[in-house]
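First comes the structure, then the notes that go with it.
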Amino acid sequence: MTAAPGPASSAPPVPNQVAECSYEFLLSEILQWVQRDEKRVAEQARQVQQAASGQDGSPERNLSPNNEEAAAVMAAERSAARIERMGYDVGYRLCERLAQHRPLMGPGSPSPEGGTASADASGNSNIDVNAPIIMGGGGHNTVMDPKTQLEAVKFLCKEFWTEVFRKQIDKLQTNHRGVFVLKDQELKWLRRLPPDEESARVGAIRILAFPCGLIRGALANLGLSGAVVSCDFLADGKTMASCSFNIKVK
Amino acid sequence: MATSKCSQAGQQLWAKMPKVGGYTRLCFAWSVIGFLVHTNSSYRITHQANAELFALTYGSLVTELVRDHEDPIEVNKQLDKIGKSIGVRCVDEFLAKADVAGLGLASQCQSLRDTAEVVARMGFRMFLGVGAECGAFSQDQKSFSIYFHDNPLSTFVELPPAGDDQMGDDLRKLKYSNIYCGIIRGALEQVNLKVDVTLVQCTLKGDEVNEIRVELKEVLADGAGDDYKEE
């Protein structure tokens, strides 16, 4: 299945908003499905392992609890990776849609033809700052200067985050050398977790994999491919919904 | 996940409702919502989410499913199952909104036809923002179809054309929006209507309109049965 814009038709345009609860239900069901699927995937992996050990001729029983635990951890990691991959796809495509409609960056952004950013910019002093500049494929090969990186991350924190969560990132910190920390005090999806429970922590990490993927996808679309995004869950008993995302750009 | 406030409200309302059969209970709730929807500002009582995000998230789910399961029929089944859990939560949400609106007993609907109207007109409008209609009632009044033109889930989606290679042909058997079938089935089961729901026509495959066929199988008995008589 490819993602392509639908053909123009005489039918009335599809509404651009759905009820928020529909989205929340869909997302939570997806996360639950991934969790249920963990077992199926783990089972498959175990069968493959048994088949392999069976071929050696030495029947090895399923070893110690260590094996079980390791398998469980691996299954959890696989699910997290899967959710993150889904988030990446969604983030990449959504960012492309959003960047089309908004003026993205001022002078200094890499042009689609590549080449040094600053040289181009200084020559174009009369470009309309509000004209939308589409970040094309050329952005992937050029190394962005820190100022443009910051612009990209700011777009992520403001417009992108607003579209997804109806609010902006609460705090953005950077060391101007490619490391950014985004803090959100109240992430919508985490609001309903019961406080102070271990299972809540596990659940939160799972939920947070999706926004990590969203961020990675959005950054890839903005030209910062190869960013490494990790997340921290900063619950402190009072509010279960605060978290931070650490971005490291090459 | 923790029980949401809406779900609790829904359960409370459920307990308060008159102990009548499945239809009337559902139709009471949804006709109340109907009243709400008609008094114009009601649809805006829900917060809104970006529809493109919705479509893209669903798209990534279907992509994962297709990647995992070779057989598109299996994918359809999985989508149906996922939809069923969503349907259960949708009904809760619906009833909770009725509670919030604080409306008293409105007129109750008497037949499957009224239920159909409510599902198509109110349900789709409330959760998806699209207009839908019901029609094509069968002779025995036990099945109906829901028609809608705009499918928010299928923005940006194209199914690969049916080519000579096996992959393309197989994916034509995929019912992309099968999750709706699961949602309607799950929702109606919560109000004691056991139904069979199938996606008959789909704009992704070139049909003019999306059609979902709903058939009533049976009306389930209300309550927990004779073993649990009240003391």
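Convention: sequence-line order gives letters A, B, ...; per-chain numbering from 1.
Here the straight-line distance linking atom SG of A:C21 with atom CG of B:D92 works out to 11.5 Å at 0.5 Å rounding. With rounding to the nearest 0.5 Å, the separation of NZ in B:K81 from CZ in A:R36 is 5.5 Å. Note that OG1 of B:T63 is 6.5 Å distant from CG of A:D89, once rounded to the nearest 0.5 Å. To the nearest 0.5 angstrom, B:F54 atom CZ is 14.0 Å from A:L94 atom CG. Note that CG of A:L98 and CG of B:L53 are 9.0 Å apart. Values are rounded to the nearest 0.5 Å.
Within the 4.5 Å cutoff, side-chain heavy atoms of B:L61 are placed close to those of A:M86. Between A:L26 and B:I179 there is a side-chain heavy-atom pair separated by less than 4.5 Å. In this structure, the side chains of B:E64 and A:R85 come closer than 4.5 Å at one or more pairs of heavy atoms. Here the side chains of A:W33 and B:L65 are in contact, with some heavy-atom distance below 4.5 Å.
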For this session: Assess whether side-chain contact (heavy atoms from CB on, under 4.5 Å) is satisfied between A:F25 and B:E93, documenting all intermediate values.
Result: CA-CA 10 Å; A:F25 292 162; B:E93 183 79 14; 3.7 Å; yes
Problem set entry | Intermediate values then yes/no, side-chain contact (heavy atoms from CB on, under 4.5 Å), A:V164 and B:N50 | CA-CA 7 Å; A:V164 181; B:N50 188 322; over 6 Å; no
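Minimum interatomic distance between A:I30 and B:T57 (heavy atoms only, all atoms of both residues): CD1-CG2, 3.7 Å. Summarising the geometry of B:A51 relative to A:Q17, their closest heavy-atom pair is CB-N, 3.7 Å, with the distance given to 0.1 Å.
With a 6.0 Å radius and a threshold of 12 heavy atoms from other residues, nucleotides or ligands, A:K39 has its NZ atom at or below the threshold. Within 6.0 Å of the NZ atom in B:K205, the count of heavy atoms belonging to other residues, nucleotides or ligands exceeds 12.
Residue pairs meeting the salt bridge (charged side-chain N to carboxylate O under 4.0 Å, His left out) criterion with at least one member in residues 202-224 of chain A, sequence neighbours excluded, are A:E38-A:R206, A:E84-A:R216.
Contact of A:F210 with chain B is made through the side chain alone, with heavy-atom distances under 4.5 Å. Contact of B:I183 with chain A is not made at all, since no heavy-atom distance falls under 4.5 Å.
When atom types are taken as modelled, the side chain of A:S22 and the backbone of B:L128 share no donor-acceptor pair closer than 3.5 angstrom.
Salt bridge status for A:R93 with B:E52: absent, with no side-chain N to carboxylate O gap under 4.0 Å.
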